[in-house]
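Read the structure below first, then the notes.
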Amino acid sequence: MSLNEIYNWGRSNSVWPLQFGLACCAIEMIASTMARYDMARFGSEVFRPSPRQADLMIVSGTVTKKMVPQIVRLYNQMAEPKYVIAMGACAISGGPFKQGYNVLKGIDRYIPVDIHLPGCPPKPEALIHALMSLQKMIADQPLTGEGRPRHLKPEGASEFPIPHQGEQDLEPPCNPHIWRPPAIPRPVTA
Amino acid sequence: MPSHGGATAKVPTEAGAPRGPDAYRLTAGDNEYDDGSLLEISMGPQHPSTHGVFRMDVVLDGETVVKLKPVFGYLHRNHEKIAESASYLAAMPYTDRLDYFCSLTNNWAYALAVEKLAGLQVPERAEFLRVITAELTRLQNHVCLAGFLMQDMGASGTPLMYGFREREKILDLFEALTGARMMCNYMRFGGCRCDTPPGWLEEVRKVVDRFPRFLDEFENLLSSNEILMARTQGIGVLTRDLAINAGITGPVLRSCGVDYDLRKVDGYGLYPKFQFRVPLGDHGDTYDRYMMRILEMRESLGILRQALDAIPEGPILDPKSKLRGFRPKPGEAYGRIEAPKGELGFYLISDGSPNPYRYRIRPPSLINLTVLEDLCLGHNVADTVTILGSIDIVLGEVDR
Amino acid sequence: MAATGDSAAGHRLNLDPNEFGTTSESSASVETLEQILPRMKVAIPGVTFEVVPNSAPGAEPSWLVDREHALSAAFFLRDDSTLRLDYCSNVTGVDWPERTIKVKVRKGEPGAEKEVEETRVVPGYLEVVYHLYSMAAKHGPVVLRVRTPGRGNDVSLPSLTPVWRSCELQEREVYDLFGVHFENHPDLRRLLMWEGFKDHPMRKDYVPPDDYEYEPTPHDEILEKAQARLARREASS
């Protein structure tokens, strides 16, 4: 057993999520902690109400523009190492409510997301799969070199600017260092 | 805490946002509150005991609530605006996401409004299926509500676990019938989407037969529990006249003694055919609201048994209803049902096009919150959480 | 705040085996309007009343009241001993922008009149619709409509919150999303959007912010909209 493996074994098997449910996906998140799909078996024994004590923020539900400053603030208050699972279609990209004027088209516009979990809502088994993928991701992180986790990098950013609620929209509409609209290669039409 | 270097790794500058202490001050202008002895706290939007992203700005004198202003809108998903650019049928999955615990009753309310708008008839088997699914929804909603109320009071999730255990059994039934656990999207205009799989009704009967034993165990543990009684009796008393004037509906209204249950008053669907009683409360306090849900669960079991005995064979969709190209004639309709939270209504204005001209949802949770301040004044901060839990809100419905 | 002893003492069950529910929607129809209207004209001098027909099959006609007398009409409807409409169920805002409608008009000399279709421009207005029921007498609904004089940014209507408290939050929402100011509302602030927001999103001419930076598979109308959006963005940048 190398030091890397032991270090990551401790980290990945005790990921404590933040009590953070926004909308319908939150109910499936709660259901996944209940007796049938018990998520505590995987190390997420307690959902901490305080961001200081939590490792994982499961953004479950639609992110509205009114709520975004609070979410980014909470993310900033979490202590490193911290991870984000974007649970459900709404947190990934706006979901069914994508046309809405008050809906943010995905929380990854402002904070870095580690695992995207599609579904509307994803079943509790899917959430457990996402948690297990996160645990695998954590267990695979090396301690040195380029791929090392953010909390071991001296220049790793752990706090992100909070958008300001302007007159029509959030300012800025996204954090350009984290998210850019994907360049989709389109066939050239004559 | 500043982090190290990097373009994004600055201390977040909140330029422009909170514009000084007056921005959130509720008490600006009330000179009596300016002596600094009162504490103004903001409970939410992320808080372990608010039911979703809901914020309450509370002004406290010690531990006693002096003023309380709820703040909504953190889950405002523009359902009404989206529905204006979507067809009538495309708005049906959005109704699932309104009160996300009770997607089937939301579907029914919308289907009822559209059927009134377009003049569609529902065949009998579909009506029975609607009643069965609605009462199952009511059961799982009320049992989860009791669980969440206990959780808010500090029971650390054990009653919630019991409640969710029963809810999982009902969700399995929904998954077998509609294909989804929560967002069922089952009702259509003029009936239901699909018929029951073989053996489904027997499974429902098994769940319904085992439920009273679970309810007895639940009540044994909770209803005469000293802590529950001490923390809820006499707390958050709602008077009859205020309740009627403030438009409160549902179990909250009936806990004040007002006999207004839409299943009896409007007699929509097949409810006139079923024998059931409407529980009423005497005191209007939190304990009464809790007991309303327990008693309503028992009545729902009675309705379910009657429906399972009487359900006929037959079609489940009105042959005149069109799934594609549905264009109701110009006009308007208001359809309402007794959802587990209260009166859920849909007001639709049609101008003859495939999309609604105006699509309005009458949200029971939002209207029930009108009296939150009145109920909480004079009580402790811990009681606000209990009172909010007993009013039973779901933010998807409050904010739409 | 003392805890009462017996937990089951306060709960009566309302046993009504013979009341299998009544449809409540027939009571306040146009027919009874003829009986109510003279009473109302006596109680509120100067009120103008118009019945707006509803051509849907479930037809509930609605009553249009002028805005100067809306508050007195509301008090009358609530306090009248036959109507007793003590429960305001729903408050809706509707935006009617300016539209042209076709009207059949009889034109020509007397004796040789013909029906001609004319187009008329109906000026735009905002409308608030109240659905009223009676919990005391278990009938309803009575649909009350009030219209604003125009669609500008400072249109106002009297608030019916002094009559029915259930209008309080719903009128705040109509103010937030449509821009109708309610006079004498106890606390008129935005409900759903944040405080600095400047628009009224549910209006028909609202332009949503441009935060749709990419469209995965645009085609047909969506492609046209995406191209228009891109052109607007390039023109402004």
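Heavy atoms only: backbone and side chains are in, while hydrogens, waters and symmetry mates are out. Within every chain, numbering begins at 1; the chains are lettered A, B, ... in the order of the sequence lines, protein sequences first and strands thereafter.
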Side chain to side chain contact (heavy atoms under 4.5 Å, CB included) between B:Ile349 and C:Val94, intermediate numbers included: CA-CA 9 Å; B:Ile349 300 185; C:Val94 193; 3.9 Å; yes
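- When heavy atoms are compared at a cutoff of 4.5 Å, C:Val129 approaches chain B solely by way of its side chain, counted from C-beta outward.
- Atoms CD and OG1, from B:Glu80 and C:Thr92 in turn, are 8.0 Å apart once rounded to the nearest 0.5 Å.
- Taking the six-membered ring for Trp, C:Trp194 and B:Tyr74 have ring centres at least 6.0 Å apart.
- Nearest heavy-atom pair, B:Tyr347 versus C:Arg145, reported as atom, atom and distance to 0.1 Å: OH-NH2, 3.5 Å.
- One distance of note links CG of B:Asp259 with CE of C:Met135; it measures 10.5 Å at 0.5 Å rounding.
- Using a 4.5 Å cut-off between heavy atoms, B:Leu242 contacts chain C through its side chain alone, with no backbone atom that close.
- With a 4.5 Å cut-off on non-hydrogen atoms, B:Leu75 does not touch chain C at all.
- No more than 12 heavy atoms of other residues, nucleotides or ligands shown are found within 6.0 angstrom of CD on B:Glu226.
- Using a 4.5 Å cut-off between heavy atoms, B:Glu84 contacts chain C through its side chain alone, with no backbone atom that close.
- In the displayed structure, B:Gln121 atom CD is contacted under 6.0 Å by at most 12 heavy atoms of other residues, nucleotides or ligands.
- For C:Val163, the part lying near chain B is the backbone, with the side chain staying farther off; criterion is any non-hydrogen pair under 4.5 Å.
- Salt-bridge formation is detected for the pair C:Arg165/B:Asp374: a Lys NZ or Arg NE/NH1/NH2 atom is positioned less than 4.0 Å from an Asp or Glu carboxylate oxygen.
- The greatest number of non-hydrogen atom pairs below 4.5 Å with chain B, out of C:Glu168, C:Glu173, C:Met193, C:Arg190, is found for C:Glu173.
- When side chains are defined from C-beta on, C:His131 does not count as touching B:Arg360, because their heavy atoms never get closer than 4.5 Å.
- Looking at heavy atoms from C-beta onward, B:Lys69 lies in side-chain contact with C:Asp187 at the 4.5 angstrom threshold.
- Cation-pi geometry between B:Lys81 and C:Tyr206 is not satisfied (NZ or CZ under 6.0 Å from the ring centre, within 45° of the ring normal).
- Residues C:Ser166 and B:Ile367 share a closest heavy-atom pair of CB-CG2, 4.1 Å.
- Residues C:Met202 and B:Arg358 are in side-chain contact: their nearest non-hydrogen atoms beyond the backbone lie under 4.5 Å apart.
- Within the 4.5 angstrom heavy-atom criterion, no atom of B:Arg254 approaches chain C.
- In terms of heavy-atom pairs under 4.5 angstrom with chain B, the leader among C:Pro208, C:Gly93, C:Ser62 is C:Gly93.
- Proximity to chain B (any heavy atom under 4.5 Å) is restricted, for C:Arg78, to the side chain, taken from C-beta onward.
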With side chain to side chain contact (heavy atoms under 4.5 Å, CB included) as the criterion, how do C:Asn90 and B:Tyr334 come out once you've worked through the C-alpha distance, each side chain's angles and the decisive distance to 0.1 Å? CA-CA 9 Å; C:Asn90 181 27; B:Tyr334 180 62; 3.6 Å; yes
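- Chain C forms more heavy-atom pairs under 4.5 Å with one residue of B:Val71, B:Val258, B:Thr249 than with any other, namely B:Thr249.
- Only the side chain of C:Leu169 comes within contact range of chain B, judged by heavy atoms closer than 4.5 Å.
- For C:Thr161, no part lies near chain B; criterion is any non-hydrogen pair under 4.5 Å.
- Using a 4.5 Å cut-off on side-chain heavy atoms (C-beta onward), C:Asp86 and B:Asp241 make no contact.
- With 3.5 Å as the limit, one finds a donor-acceptor pair spanning the side chains of C:Tyr87 and B:Glu343.
- If you measure heavy-atom distances from C:Asp95 to chain B, the contacts under 4.5 Å come from the backbone alone.
- Under a cut-off of 6.0 angstrom, the local environment of CG in C:Asp80 is crowded, with over 12 non-hydrogen atoms contributed by other residues, nucleotides or ligands.
- Here OG of C:Ser89 is found 6.0 Å from CZ of B:Arg336. Values are rounded to the nearest 0.5 Å.
- For C:Pro201, the part sitting under 4.5 Å from any heavy atom of chain B is the backbone (N, CA, C, O) and nothing else.
- Cation-pi contact between C:Arg172 and B:Phe72: absent, since separation from the ring centre below 6.0 Å together with deviation from the ring axis within 45° is not met.
- With rounding to the nearest 0.5 Å, the separation of CG in B:Leu366 from CG in C:Leu192 is 7.5 Å.
- Shown here is B:Lys329, whose NZ atom has no more than 12 heavy atoms of other residues, nucleotides or ligands within 6.0 Å.
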